[in-house]
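For this chain, numbers begin at 1 and follow the sequence in order.
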Amino acid sequence: MTWTNLQSTLGGQGYIASDDLSVALHLALALGRPLLLEGAAGVGKTEIARTLSAARGTKLIRLQCYEGLDASQAIYEWNYQRQLLTIRAAAEDGETGKTVEDRIFSRDFLLERPLLAAITQSTPPVLLIDEIDRADEEFEAYLLEVLSDYQVSVPELGTITATSKPIVILTSNGTRDLSDALRRRCLYSYVGYPDIQTELAILQARCPQIEARLGEQVVGFVQKLRGEELEKTPGIAEMLDFAAALMGLGIADLTADPAVLHATLTTLLKTQSDRAQVSPEVAARIAGKAA
């Protein structure tokens with residue numbers, strides 16, 4: 001499959017990928033390398049993993065990163081409750097020692113978390129490591145073994161190697177610098193906000209029933225709104241919510257009713273300061289330029 005074929009396949013799933021992103025994803029698939037996607041929140045980094053999973057008909061395994069994430073939550077942990085019940089049952093039957101120990105530290109008692117689950121699937125899944133920049137720097141060390149050799153070390157069992165090699169996509173919003181060691185193991189692509197034509201194509205793919213003029217107004221309005229000094233810049237998902245809200249209210253022209261237009265900004269502006277900054281007058285001005 002060429003990168004253009006991949007781009008068309010993603011488009012068939014409603015994801016309009018840029019040429020740069022399509023080439024990066026194609027190379028990651030061809031070379032079997034993880035792909036690190038950086039960019040602002042809301043530009044479609046997470047969605048590419050979902051779309052790729054759907055397009056390939058394979059399982060999506062997601063690891064949502066956060067501060068304090070550790071190996072027991074990301075890789076594996078033992079089913080302590082089941083182990084305790086087994087020990088009690090064995091004691092009642094007079095069974096003790098290494099036989100019980102070997103049984104409770106077997107794969108039957110191992111709880112697979114996303115990283116381990118991703119390398120033990122019979123069919124290669126898409127492994128999404130979402131917002132890796134939110135995890136602690138120490139957690140990145142846990143990833144290196146998985147991303148380098150696709151294996152996990154469990155002291156009681158030894159090394160568990162991959163049954164299948166997952167397709168790995170990491171996303172980062174750039175809240176902190178990632179380590180050089182992690183970056184070296186990945187291919188890289190920066191995902192920015194789409195240009196007008198690309199965002200219009202996204203809107204038409206996701207909301208094919210929208211009228212052409214309203215679609216152009218919606219995209220033009222959101223593109224200009226991103227130029228304002230906002231705390232939270234609206235992303236693609238917010239743009240789609242905005243379009244759906246307008247269609248649901250039967251609005252065919254953004255300039256028709258400034259009060260209703262301002263009310264629908266609840267889909268785009270997610271902080272009080274942003275709502276206060278974009279007054280009805282400002283919204284009307286932006287809508288006038290987008291018309």
Should the pair R134 and Y66 be classed as cation-pi, given the thresholds of under 6.0 Å to the six-membered ring centre and 45° from the axis?
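Here R134 fails the 6.0 Å and 45° test against Y66.
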
Show your reasoning for whether side chain to side chain contact (heavy atoms under 4.5 Å, CB included) applies to Q7 and T2.
CA-CA 9 Å; Q7 189 177 47; T2 65; over 6 Å; no

Using every non-hydrogen atom in the two residues, find where [X] and [Y] come nearest and quote the distance to one decimal.
X    : Y    : answer
L36  : C186 : CB-CB, 3.9 Å
L10  : A17  : CD1-CB, 4.1 Å
R183 : L178 : NE-O, 3.8 Å
I16  : A205 : CD1-CB, 4.3 Å
V219 : I196 : CG1-O, 3.7 Å
S22  : L6   : O-CD2, 3.9 Å

Can you list the steps and then say if T267 with E238 is a side chain to side chain donor-acceptor pair (under 3.5 Å)?
CA-CA 6 Å; T267 59; E238 285 77 22; over 6 Å; no

Take a 6.0 Å sphere around [atom1] of [X] and say whether it holds more than 12 heavy atoms from other residues, nucleotides or ligands.
X    : atom1 : answer
E211 : CD    : no
E137 : CD    : no
D177 : CG    : no

Let me confirm one number: the [atom1]-[atom2] distance from [X] to [Y], rounded to the nearest 0.5 Å.
X    : Y    : atom1 : atom2 : answer
L147 : L170 : CG    : CG    : 6.0 Å
T161 : I119 : OG1   : CD1   : 7.0 Å
L254 : L246 : CG    : CG    : 5.5 Å
R113 : Q73  : CZ    : CD    : 8.5 Å
L200 : E216 : CG    : CD    : 6.0 Å

Walk me through it: do E281 and S279 pass the test side chain to side chain donor-acceptor pair (under 3.5 Å)?
CA-CA 5 Å; E281 294 73 22; S279 63; 3.2 Å; yes

Is any side-chain heavy atom of [X] less than 4.5 Å from a side-chain heavy atom of [Y]?
X    : Y    : result
I160 : R107 : yes
I132 : T171 : no
R213 : D253 : yes
I48  : L25  : yes
L269 : K232 : no
F109 : R82  : yes
P166 : P125 : yes
V146 : V152 : yes

Steps toward side chain to side chain contact (heavy atoms under 4.5 Å, CB included) verdict (K289, F221):
CA-CA 8 Å; K289 292 180 180 181; F221 182 88; over 6 Å; no

Side chain to side chain donor-acceptor pair (under 3.5 Å) assessment of E112 paired with T120:
CA-CA 9 Å; E112 295 183 348; T120 57; 3.2 Å; yes

When you compare the side chains of N5 and S8, does any donor N or O come within less than 3.5 Å of an acceptor on the partner?
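Absent: no donor and acceptor within the cut-off.
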
Do R62 and Q64 have side-chain atoms, one donor and one acceptor, less than 3.5 Å apart?
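Yes, because at least one side-chain N or O of R62 sits under 3.5 Å from a partner of the opposite role on Q64.
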
Please test L69 against Y142 for side chain to side chain contact (heavy atoms under 4.5 Å, CB included), starting from the C-alpha separation and ending with a verdict.
CA-CA 10 Å; L69 179 66; Y142 291 128; over 6 Å; no

For salt bridge (charged side-chain N to carboxylate O under 4.0 Å, His left out), just list the numbers for K45 and E131, CA-CA rounded to whole Å, side-chain angles, deciding distance to a tenth of an Å, and then say yes or no.
CA-CA 10 Å; K45 303 186 300 298; E131 298 182 319; over 6 Å; no

Do the side chains of L182 and Y190 join up, straight or via other hydrophobic residues, at under 4.5 Å, putting them in one cluster?
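Linked within one cluster.
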
R226 vs E199, salt bridge (charged side-chain N to carboxylate O under 4.0 Å, His left out): CA-CA, chis, key distance, verdict
CA-CA 13 Å; R226 291 184 184 131; E199 192 158 15; 2.8 Å; yes

Would you sort out whether N173 and T175 count as a side chain to side chain donor-acceptor pair (under 3.5 Å), showing the intermediate values?
CA-CA 6 Å; N173 295 336; T175 58; over 6 Å; no

Could you please spell out the steps behind the side chain to side chain contact (heavy atoms under 4.5 Å, CB included) verdict for I167 and L127?
CA-CA 6 Å; I167 301 164; L127 171 61; over 6 Å; no

Checking salt bridge (charged side-chain N to carboxylate O under 4.0 Å, His left out) for the pair E47/R206: CA distance, chi angles, key distance, verdict?
CA-CA 13 Å; E47 189 63 24; R206 294 301 181 94; 3.5 Å; yes

